[in-house]
Colleague: 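Next up is a structure, given as structure tokens.
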Amino acid sequence: MAASATRLRRLASAAVAVTACGGAVLLTPSVSSNDRASGHPTVESLRQIINDPSAVVPSRTLQESALISSKSGPLDILVVGGGATGCGVALDAATRGLRVGLVEREDFSCGTSSRSTKLIHGGVRYLEKAVFGLDYGQLKLVFHALEERKQVIENAPHLCHALPCMTPCFDWFEVVYYWMGLKMYDLVAGRRLLHFSRYYSAQESVELFPTLARKGKGRSLRGTVVYYDGQMNDSRLNVGLACTAALAGAAVLNHAEVVSFLKDEGTQRIIGARIRDNLSGQEFDAYAKVVVNAAGPFCDSVRKMANKDALPMICPSSGVHIVLPDYYSPDGMGLIVPKTKDGRVVFMLPWLGRTIAGTTDSSTSITPLPEPNENEIQFILDAICDYLNIKVRRTDVLSAWSGIRPLAVDPNAKNTESISRDHVVSEEYPGLVTITGGKWTTYRSMAEDAVNAAIKSGKLSASNECITSNLRLIGGDGWEPSLFTVLAQQYVRMKKSDGGKVVPGVMDTAAAKHLSHAYGTLAERVATIAQNENLGKRLAHGYPYLEAEVAYCARNEYCESAVDFIARRSRLAFLDTDAASHALPRIIEILATEHNWDKSRQKEEMQKAKEFLETFKSSKNAHFHDGKRQ
């Protein structure tokens, strides 16, 4: 513990120095003579850069300059899309010694990647299909996803963890069926197993999950089978990927949109893109030997920029989730219902101090801000009601959102559930490699396949093979679950009262644990800001988010708008839209200081954030009272 405390104190000193400079300085570790001779860092040097506690990502201005300078010497790869796959591609390519740029129209993880189920899973349902359908393809998908599941958790231990999931059984056939099926899931996982599944009696199950009903649909609970999958903070994992890629040398730029492709006049091969900075309105050209299209649900629109006659690759599927108070599920235990009345899977999972429930799986249209409809929300409420011994109320819904899954099209499929979640890599137009399909769990291997295809397309020279299977993300190296105790013991939260007086506050366990899990080994930087800059006050009652996080994210995580913070840097919009709304004025005030916003920009930010929160159909936004629409 003493060694850990010493290391963290050193990190504090570095953080103070960075804070004094406004966070715009890149503190690059020394590069060996071998690195200088070869023109790019070695694999070990890259690891040192990423894991250096004093390193700070280059400013957004520097990142944009790097893209603009590609005119004098093209990038190897330009990635379009800043979701999990796109940022994974940027990180993979950068750590192979390639020159990489990435542009994202909105913010990192603004689409599907922040609206997931929050599970890192192998796919129990796919295993069932593989066994009963004798489908070796589905079985391979499960094998592969289970391998990736373990690696995702190990590479970002502060953001990911194993979660036990309980499956209720209301007759003895279900007990045997699910026990055997989940034991097979354990067997397929092999050395990648998180923990063994096991059976619990009805009494034991109710003790573990107090709100679980003993009777359901006229049947008595016979017991439950508990198995393990992974859980993550998806958007923070995505932002971590973007920042890690930036430290590895990638020029990543959010709020920058591709408006057209640049083509070679002779061969018509794509050689770059015309990009608009959506913050400044300025446009510039970025040149690259290969463009990787990782735009998720919007990859077809990117493909049509290259070829207006391109046929669709995406079959969009809507997944709706709702957030309920913490008392719906115990901390550390989820509930999975494998088959609802219409054959779909429904779950309740503890997540960041609340309960997340879902999900639906239905065809939808592609829109930038998808909204859940009332029927989908009610379906989830009705489905979980059958398995709980408490009243399930529409007024308990703190937040509800819809995400679009970019499923790869299978022309023989009759519904979205039968479409494989496997990914597709293709190069239909010279110089444009498209990666689509897949799921969060397999983002790393999807990125690896896309980079391999790009190297082949552009005849690129990588310095080494893919190393991301064993590469800790920023904040993950050296992180221990006990880190929060160091924060709690060594820091105070200096807070400004309403009268302007500065008063000290305890770095309580809830705040310390939150910082540790959200920022990993870099949590100490946030604690330093809270203590030294009087930004230790909570942003919202009942939530551990601190004012210091807004400043930190603006300086170190490319947080450029109020929505960036409430949705992707913190998760307040997803957890409680009302709390997010109340926190907005202070968030905008801090961001205005960090980014030098005038009154007009602050007013615009407030309007955009309010409109964004309206798409999250909480009970307040839906205008419900006692379960009935007013």
Colleague: For salt bridge (charged side-chain N to carboxylate O under 4.0 Å, His left out), just list the numbers for Glu148 and Arg444, CA-CA rounded to whole Å, side-chain angles, deciding distance to a tenth of an Å, and then say yes or no.
Modeller: CA-CA 8 Å; Glu148 291 297 317; Arg444 192 210 62 81; 3.0 Å; yes

Colleague: What pair of heavy atoms forms the shortest contact from Arg394 to Glu374, and how long is it?
Modeller: NE-OE2, 2.7 Å

Colleague: Just wondering, do Met333 and Thr224 contact through their side chains at under 4.5 Å, heavy atoms?
Modeller: no

Colleague: Before you tell me yes or no, could you show the steps for Asp234 and Phe574 under side-chain contact (heavy atoms from CB on, under 4.5 Å), namely the whole-Å CA-CA distance, both residues' side-chain angles and the distance that decides it to 0.1 Å?
Modeller: CA-CA 11 Å; Asp234 52 5; Phe574 286 82; over 6 Å; no

Colleague: Kindly give the heavy-atom pair with the smallest separation between Thr112 and Pro406, and that separation in Å.
Modeller: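 Scanning both residues completely, I find the closest heavy atoms to be CG2-CD, 4.1 Å.
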
Colleague: Working to the nearest 0.5 Å, report the span between CD of Glu207 and OH of Tyr200.
Modeller: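 These two atoms lie 11.0 Å from each other.
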
Colleague: Could you tell me whether Glu614 and Lys610 have a side-chain N and a carboxylate O separated by less than 4.0 Å?
Modeller: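 Here Glu614 does not pair with Lys610 in a salt bridge, since their nearest N and O are not under 4.0 Å apart.
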
Colleague: Could you state the interatomic distance from CD1 (Ile587) to CG (Leu572), rounded to the nearest 0.5 Å?
Modeller: 6.5 Å

Colleague: Taking Arg115 for the side chain and Ser402 for the main chain, is one N or O donor matched with an acceptor at less than 3.5 Å?
Modeller: yes

Colleague: Test of understanding: with ring-ring contact (aromatic ring centres under 6.0 Å, His included), list the residues that count as partners of Phe612, not counting sequence neighbours.
Modeller: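 Phe612 satisfies ring-ring contact (aromatic ring centres under 6.0 Å, His included) with Phe616 once adjacent residues are dropped.
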
Colleague: Contact between Asp229 and Ile336 at the side-chain level, heavy atoms closer than 4.5 Å - yes or no?
Modeller: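 Contact flag for Asp229/Ile336 side chains = no.
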
Colleague: Would a 4.5 Å heavy-atom cut-off, applied to side chains only, mark Tyr558 and Asp564 as touching?
Modeller: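 Answer no - side chains too far apart.
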
Colleague: Would you check if the side chain of Asp107 reaches a backbone N or O of Cys110 as a donor-acceptor pair within less than 3.5 Å?
Modeller: no

Colleague: Under the 3.5 angstrom rule, does the side chain of Arg538 hit a backbone N or O of Leu546 as a donor-acceptor pair?
Modeller: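 Between the backbone of Leu546 and the side chain of Arg538 there is no qualifying donor-acceptor contact (under 3.5 Å).
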
Colleague: Is there side-chain contact between Leu613 and Leu584, with heavy atoms separated by less than 4.5 Å?
Modeller: yes

Colleague: Within the side chain of Thr442, is there an N or O that forms a donor-acceptor pair under 3.5 Å with the backbone of Lys439?
Modeller: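 The answer is yes, because a donor-acceptor pair under 3.5 Å joins these two groups.
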
Colleague: Could you state the interatomic distance from CD1 (Ile384) to OG1 (Thr211), rounded to the nearest 0.5 Å?
Modeller: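 The distance works out to 9.0 Å.
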
Colleague: Find the distance between CD1 (Ile474) and CG (Leu247) and round it off to the nearest 0.5 Å.
Modeller: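 Here the rounded value is 4.5 Å.
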
Colleague: Treating Asn238 as the side-chain partner and Ala84 as the backbone partner, does any N or O pair qualify as donor plus acceptor under 3.5 Å?
Modeller: yes

Colleague: Do Thr167 and Pro338 have side chains that get closer than 4.5 Å, going by heavy atoms?
Modeller: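 A side-chain contact under 4.5 Å exists here.
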
Colleague: Should Thr521 and Asp477 be marked as a side-chain contact (heavy atoms from CB on, under 4.5 Å) after you check the CA-CA gap, both sets of side-chain angles, and the distance that decides it?
Modeller: CA-CA 7 Å; Thr521 56; Asp477 186 61; over 6 Å; no

Colleague: Looking at Ile120, is its backbone amide N or carbonyl O close enough to the side chain of Trp440 to form a donor-acceptor pair, meaning the two atoms are under 3.5 Å apart?
Modeller: no

Colleague: Under a 4.0 Å threshold between the charged nitrogen and the carboxylate oxygen, would Arg568 count as salt-bridged to Glu557?
Modeller: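 Between Arg568 and Glu557 there is no salt bridge, as every charged N stays at least 4.0 Å from the carboxylate O atoms.
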
Colleague: Do you know which two heavy atoms are closest between Thr355 and Ser329, and how far apart they sit?
Modeller: OG1-OG, 2.8 Å

Colleague: If only atom types and distance count, is the side chain of Trp597 paired as donor or acceptor with the main-chain N or O of Lys603 below 3.5 Å?
Modeller: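 No, Trp597 side chain to Lys603 backbone: no donor-acceptor pair under 3.5 Å.
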
Colleague: Checking Ser399 side chain against Thr577 main chain: does a donor-acceptor pair fall under 3.5 Å?
Modeller: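 Between the backbone of Thr577 and the side chain of Ser399 there is no qualifying donor-acceptor contact (under 3.5 Å).
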
Colleague: Please assess Lys118 against Arg571 for the test side-chain contact (heavy atoms from CB on, under 4.5 Å), listing each intermediate value before the final yes or no.
Modeller: CA-CA 12 Å; Lys118 324 302 179 193; Arg571 308 315 308 276; 3.8 Å; yes

Colleague: How far apart are the closest heavy atoms of Ile404 and Pro297, and which atoms are they?
Modeller: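 Closest approach of Ile404 to Pro297: O-CG, 3.7 Å.
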
Colleague: In plain terms, say whether Arg555 and Glu533 are close enough for a salt bridge, that is, a side-chain N and a carboxylate O under 4.0 Å apart.
Modeller: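 Salt bridge flag = yes for Glu533 with Arg555.
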
Colleague: May I ask you to test the Met507-Val492 pair for a side-chain heavy-atom distance under 4.5 Å?
Modeller: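 The answer is no; the side chains never approach within 4.5 Å.
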
Colleague: So, do Ser561 and Leu279 sit near enough that their side-chain heavy atoms are less than 4.5 Å apart?
Modeller: no

Colleague: Has the side chain of Thr359 got a donor or acceptor atom that lies under 3.5 Å from a matching backbone atom of His321?
Modeller: no

Colleague: Could you report the tightest heavy-atom contact between Ala242 and Val252, atom names first, then the distance?
Modeller: O-CG2, 3.9 Å

Colleague: What are the two closest heavy atoms between Pro372 and Val320, and how far apart are they?
Modeller: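 Heavy-atom minimum between the residues: CB-CG1, 3.6 Å.
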
Colleague: Decide whether Ser235 and Ser109 meet the rule of one side-chain donor and one side-chain acceptor closer than 3.5 Å.
Modeller: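 The criterion, which ignores hydrogens and geometry beyond distance, is not satisfied for Ser109 and Ser235.
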
Colleague: Atom SG of Cys87 and atom OH of Tyr443: how far apart are they, to the nearest 0.5 Å?
Modeller: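 Reported to 0.5 Å precision, the distance equals 10.0 Å.
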
Colleague: Would you indicate whether the side-chain heavy atoms of Gln231 and Leu349 approach each other to under 4.5 Å?
Modeller: yes

Colleague: Hey, are Glu549 and Arg569 close enough for a salt bridge, meaning a charged N less than 4.0 Å from a carboxylate O?
Modeller: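 Looking at Arg569 together with Glu549, the answer is no, because their closest N to O distance does not fall below 4.0 Å.
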
Colleague: Taking the ring of Tyr545 and the ring of His514, is the distance between their centroids below 6.0 Å?
Modeller: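 Between His514 and Tyr545, the centre distance is under 6.0 Å.
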
Colleague: Lys391 and Asp396: salt bridge (charged side-chain N to carboxylate O under 4.0 Å, His left out), yes or no, with the steps?
Modeller: CA-CA 10 Å; Lys391 186 177 181 181; Asp396 285 338; over 6 Å; no

Colleague: Judged by atom type as modelled, is there a donor-acceptor pair below 3.5 Å linking the side chain of His517 to the main-chain atoms of Leu159?
Modeller: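 Between the backbone of Leu159 and the side chain of His517 there is no qualifying donor-acceptor contact (under 3.5 Å).
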
Colleague: Any salt bridge (charged side-chain N to carboxylate O under 4.0 Å, His left out) pairs touching residues 321-337, not counting sequence neighbours?
Modeller: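 Of all non-adjacent pairs touching residues 321-337, none passes salt bridge (charged side-chain N to carboxylate O under 4.0 Å, His left out).
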
Colleague: To the nearest 0.5 Å, what is the distance between CG on Leu91 and CG on Leu241?
Modeller: 6.5 Å

Colleague: Run Gln378 and Asn375 through side-chain contact (heavy atoms from CB on, under 4.5 Å) and show every step you take.
Modeller: CA-CA 5 Å; Gln378 199 57 54; Asn375 290 337; 5.7 Å; no

Colleague: Between the side chains of Arg586 and Glu547, is the shortest nitrogen-to-carboxylate-oxygen separation below 4.0 Å, so that they form an ion pair?
Modeller: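 Result for this pair is yes, salt bridge flagged.
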
